[in-house]
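So the structure is just underneath, and the comments pick up after that.
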2 protein chains.
Amino acid sequence: MHDCRRPVWLVHPEWMSACDTCIVRNRAICAGLEHPEITALSTMGRRRSVSAGEPLIWEDDDSLLVANVIEGVLKLTTSTADGREQIVGVAYPSDFIGRPFGQTSAASVVALTDARVCVFARNDFDRFAREHPELEHKLLERTLAELDRTRAWMMLLGRKSAPEKIATFLLDMSERLADNGCMAHIGPARQFTLPFSRQQVADLLGLTIETVSRQFTRLKADGVVALPSRRDVEILDRGALEMLAG
Amino acid sequence: MHDCRRPVWLVHPEWMSACDTCIVRNRAICAGLEHPEITALSTMGRRRSVSAGEPLIWEDDDSLLVANVIEGVLKLTTSTADGREQIVGVAYPSDFIGRPFGQTSAASVVALTDARVCVFARNDFDRFAREHPELEHKLLERTLAELDRTRAWMMLLGRKSAPEKIATFLLDMSERLADNGCMAHIGPARQFTLPFSRQQVADLLGLTIETVSRQFTRLKADGVVALPSRRDVEILDRGALEMLAG
DNA sequence: GTTGTAGATTGATTTCGGTCAAGGACTGTC
DNA sequence: GACAGTCCTTGACCGAAATCAATCTACAAC
């Protein structure tokens with residue numbers, strides 16, 4: 001079931017049946033595209049499943065495709081020659097993936113969970129976008145928002161300590177993984193399931209897996225969070241987390 | 001004298017006299033705007049000088065203005081409550097500053113050198129942009145390119161060691177500060193003047209001023225660079241720098 | 001049940017870069 | 001020239017996080 005809070009702006013026909021009210025409403029609000037145009041774009045797209053751990057795009061690939069996330073979570077990463085990895089972005093449902101108007105993609109894209117995406121040939125998409133200013137406008141707004149998020153993350157990577165990084169990460173996750181019902185806007189989640197392994201959290205925060213583990217253990221010991229299983233988090237003391245986040 | 005290699009896509013009338021061939025050529029290539037449209041936009045803009053160290057936008061300001069850099073270099077920074085600072089972007093001539101279509105700007109903007117910018121009221125700019133798809137398209141391309149650069153920098157902040165950070169920084173500077181004649185495309189600069197103090201280099205790389213200083217001293221001792229003055233750098237062994245950059 | 005395995009935790013140790021502190025080198029003013 | 005101020009460098013020391021090295025846990029296959 002997709003998350004209806006997110007604006008649906010590039011829709012695959014199959015979505016139409018999923019939650020009609022949602023789609024129709026969001027199409028009007030967010031995409032600014034009339035129905036025939038949506039259909040035109042949708043027919044160019046190919047729906048694809050990506051299972052957890054499977055790559056969708058390789059770093060330095062000729063950037064031949066772009067995609068829209070329908071379901072699941074994917075990571076964008078860059079790596080050094082000697083194998084160090086940094087997660088530079090995370091794509092959630094309705095997020096856009098890939099690099100239009102460019103030659104190569106700077107990041108690899110790998111699914112963190114089983115995911116479904118709607119894939120477009122980059123050339124087709126570029127052409128379609130240039131002919132539909134409303135679509136480009138939406139893409140611009142989203143790219144600007146992503147740039148803001150990325151810059152906030154630079155502060156975390158460059159200037160925050162390990163405890164601050166972990167606290168910030170958990171608060172961020174609790175906002176982005178809030179699992180609300182269709183159309184409902186309620187606050188950040190108190191408990192959620194991480195789409196990341198410990199190693200991936202480390203790659204996101206610029207830490208090692210051991211440091212991540214130790215910080216989690218510490219938060220648990222201090223009663224700030226509960227960790228019912230490897231991937232599950234329950235926030236017990238949000239105030240404490242906010243203090244720690246710096 | 002502005003740097004004519006960069007595409008000039010938002011031009012103030014005064015530029016017209018600076019390097020007519022350049023402007024005309026770049027206008028045609030890059031902006032996709034016809035002359036009357038450029039004039040319309042230009043009349044909305046107000047030219048402003050910002051001296052080194054002077055702020056242009058404050059973090060968390062209501063984002064009331066956007067701007068185009070005419071001359072000089074500016075830094076975009078975010079800060080924590082306790083005063084730690086991270087430079088999250090650097091704006092060079094022809095770069096765009098500010099956050100269209102958003103409520104607040106996430107970063108402060110401060111001039112690193114004496115600078116001249118062309119300032120637009122955000123509302124005016126937003127309206128104008130929405131009416132000129134070609135302008136939005138250019139803005140989208142630039143924002144995507146900036147996002148790529150920012151993500152590459154995340155790898156540096158999260159995963160590189162101090163020597164790697166410094167080497168990467170110097171190579172990056174040598175590319176961006178290449179001072180070529182009008183229209184000429186020659187390679188990266190062998191010597192250049194940094195627009196940053198040591199503290200600012202530290203804020204850019206997520207290091208302390210002492211570590212930056214020590215790494216510079218080391219590169220000098222190893223004969224990789226010469227440092228004729230505080231702000232001047234001459235690259236003696238580019239290969240060594242590239243090895244060190246990781 | 002046993003075994004195997006990938007992921008996570010924990011502990012011991014090291015190291016890189018931060019912190020603290022002192023001194024040096026430009027720059028400008030008088 | 002003396003001085004003041006700012007920025008930079010250098011040294012001594014410390015500490016947070018990385019590294020190295022065992023386990024431990026959850027879970028799947030048999």
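The chains referred to below are lettered A, B, ... by the order of the sequence lines, with proteins before strands, and numbering in each begins at 1.
For the pair K160(A) NZ and dG18(C) P, the computed distance is 17 Å after rounding to whole Å. Atom pair F196(B):CZ and dC8(D):P shows a separation of 13 Å (rounding to whole Å applied). We find that CG of L219(A) is positioned 16 Å from P of dA8(C), with the value rounded to whole Å. Distance, F216(A) CZ to dA17(D) P: 15 Å, rounded to whole Å. For the pair K220(A) NZ and dA8(C) P, the interatomic distance rounds to 13 Å; values are reported in whole Å. I209(A) places its CD1 atom 17 Å from the P atom of dA21(D), with the value rounded to the nearest Å. Distance CZ (R218(B)) to P (dT9(D)): 16 Å, rounded to an integer number of Å. Rounded to whole Å, atom P of dC16(C) lies 16 Å from atom CD1 of I166(B).
The phosphate of dA17(D) has neither OP1 nor OP2 within less than 4.0 Å of any side-chain N or O from T211(A). Taking side-chain N and O atoms only, T217(A) has a distance below 4.0 Å to OP1 or OP2 of dT10(C). A close approach under 4.0 Å does not occur between any side-chain nitrogen or oxygen of R214(A) and OP1 or OP2 of dT10(C).
S197(A) comes within 4.0 angstrom of sugar-phosphate atoms only, judged by non-hydrogen atoms across all strands, and of no base. Here S229(B) lies out of heavy-atom contact (under 4.0 Å) with every strand.
Annotation: R218(B), atom CZ; neighbour count of heavy atoms from other residues, nucleotides and ligands within 6.0 Å does not exceed 12.
Side-chain atoms of E210(A) lie closest to dT19(D) of the nucleotides dA8(C), dA17(D), dT19(D). Taking every side-chain heavy atom of L207(B) into account, dG18(C) is the closest of dG18(C), dA26(D), dG24(C). Among dG17(C), dT19(C), dA26(D), the nucleotide with an atom closest to any side-chain atom of R230(A) is dA26(D).
Salt bridge status for E234(A) with R190(A): present, with a side-chain N to carboxylate O gap under 4.0 Å.
Remark: the D114(A) side chain and the S51(A) side chain contain no N/O donor-acceptor pair separated by less than 3.5 Å.
Two residues, Q199(B) and P163(A), neighbour DNA chain D, and the one matched to the more 5' nucleotide by heavy-atom proximity is Q199(B). Sequence order on DNA chain C of the closest nucleotides to L227(A) and R159(A) puts L227(A) first from the 5' end.
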Test salt bridge (charged side-chain N to carboxylate O under 4.0 Å, His left out) applied to D203(A) and R84(A), step by step
CA-CA 8 Å; D203(A) 290 340; R84(A) 285 170 288 175; over 6 Å; no
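Cation-pi geometry between R46(B) and F120(B) is not met at under 6.0 angstrom from the ring centre and within 45 degrees of the axis.
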